[in-house]
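Inspection log for the structure reproduced underneath, given as structure tokens.
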Number of protein chains: 2
Amino acid sequence: MRSAAFDREQVLRAAMNAFMEKGYNKTSMQDLKRATNLHPGSIYCAFENKKGLLLAALEQYNQDRTAELKDIFAAQNSTKCGLKAYLDSIVSECISGDPTQACLSQKAINEIAQQDDEAQSVLSNQCILWQSFMCEVFGQIAQEGGLIGSRSAEQRAQSLIVGIYGLRTYSQAQKDPTVISAIARQLLSDVCK
Amino acid sequence: MRSAAFDREQVLRAAMNAFMEKGYNKTSMQDLKRATNLHPGSIYCAFENKKGLLLAALEQYNQDRTAELKDIFAAQNSTKCGLKAYLDSIVSECISGDPTQACLSQKAINEIAQQDDEAQSVLSNQCILWQSFMCEVFGQIAQEGGLIGSRSAEQRAQSLIVGIYGLRTYSQAQKDPTVISAIARQLLSDVCK
DNA sequence: CTCTTTTTTGAATGTTCATTCAAGATATCT
DNA sequence: AGATATCTTGAATGAACATTCAAAAAAGAG
């Protein structure tokens, strides 16, 4: 009979950023209170608890990133160019070193997937959705005639995703922009061969 | 004038396991006390604080894994077979789902590299050492005549490491053993091409 | 054996944590 | 306008946290 006073998306994006800055465990409710401008009671009223807020933020994150992903492909002439542009965008995120440009899903996979079944299943589903989008992408590139070799679209999508996960991790240990973009270029050519 | 009563390596391995089970932030001093059978005061006396214990454990971990790595290659007839065996061992670690078979370095890169400069530099160095070992490996495989294409050993080493990081992350979201080993096989052939 | 130095013990410390709750505010429905 | 349901407020709660410390033990030096 009364709707929440805050903007849910705005709150979730603020929470996303907070979680990306420090990771789930190191982000305290105080941090989240500051980031969202919500009082503890409101957070618990709307999201049940800290983990509920993470799961909601994860959902919002995936929605936002999926839209972004589609925009990148839509802005290019061919799907193959779209894939190149997509990898370029990931490279620039890696190079920026900005925690809020990292991937919240990947961070969550590494930090909590193993510890929490609910998070595990959400993250697993997000990964599958991402992979099936990429599967379609490779189907289109094949139709465009941009693929060499006989690997299935699914295999290519798997290798691409693995490569992106790897790139994101690697770039936290090795920050040389030249190296990062060279690896991405290689990844692109491997996955189209 | 008095040496510590505990076995340092044994304590560090216990701490390693504790950190791998829960991650750095979720592992409490109580967990570490239980795992190492050391009283808080002893831990602080020997390692200064929780982070000091992590850094020491990380060093021990790298030492142990490097020895293991060399053993795997030494047990094979050719360096190329060594690389295959090495990837197989990683696949079986991924498939096991056992947290203590995960990579502590990778976990630490994802959880704390961004937050702590000292950890960042330790982890960056470990990554470089790993990479230079792999660089030698590809040099040897080239001499054996097991490489196609003109990529440098360093580029191949980079791609391999990125692939392994990616595989380890991916396998936490997608647990199908068939898929994991197929991706590893593809990685091996990409990196030798 | 005694002195010195270092480690071990484990309770105590003060802080920070996630969560709760009762009181007050406000939107929507009748 | 009044009733009702829901959200907001922010202080309170108790548990868990990393760390400290003083006292006890023990190892090696002289």
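Sequence lines set the chain letters: A, B, ... in the order given, protein chains first and strands last, and positions in each chain run from 1. Because the structure is predicted, anything quoted here is derived from the model rather than measured.
Of the candidate nucleotides C:dT6, C:dC17, D:dT8, D:dT8 has the atom nearest to the side chain of A:Phe6.
A:Asn17 and A:Glu21 are not linked by any side-chain donor-acceptor pair at a separation below 3.5 angstrom, with hydrogens and angles left out of the test. Under the 3.5 Å distance criterion, with hydrogens and angles disregarded, a donor-acceptor pair is assigned to the side chains of A:Gln131 and B:Tyr170. Between B:Glu144 and B:Thr79, the side chains place a donor N or O and an acceptor N or O closer than 3.5 Å (distance only, hydrogens not considered).
For the pair A:Lys50 and A:Phe19, the cation does not sit on the ring face, since its NZ or CZ is not both under 6.0 Å from the ring centre and inside 45° of the axis.
Within a heavy-atom distance below 4.0 Å of DNA chain D, the residues of residues 13-29 of chain B found are B:Thr27, B:Ser28, B:Met29. Interface residues of residues 37-58 of chain A facing DNA chain D, ordered by number: A:His39, A:Pro40, A:Gly41, A:Ser42, A:Cys45; criterion, heavy-atom separation under 4.0 Å.
Remark: aromatic rings of A:Phe133 and A:Phe73 are close, center separation under 6.0 Å.
Under the 4.0 Å criterion applied to side-chain N and carboxylate O atoms, A:Glu136 and A:Arg156 are not assigned as salt-bridge partners. Salt bridge annotation for B:Arg65-B:Glu93: present, with a cationic side-chain nitrogen under 4.0 angstrom from a carboxylate oxygen. A salt bridge is defined here as a Lys NZ or Arg NE, NH1 or NH2 lying under 4.0 Å from an Asp or Glu carboxylate O, and A:Lys26 with A:Asp31 fails to meet this definition.
We find that CG of B:Asp7 is positioned 16 Å from C1' of C:dT7, with the value rounded to whole Å. Rounded to an integer number of Å, the gap from CD of B:Gln30 to P of C:dG10 is 14 Å.
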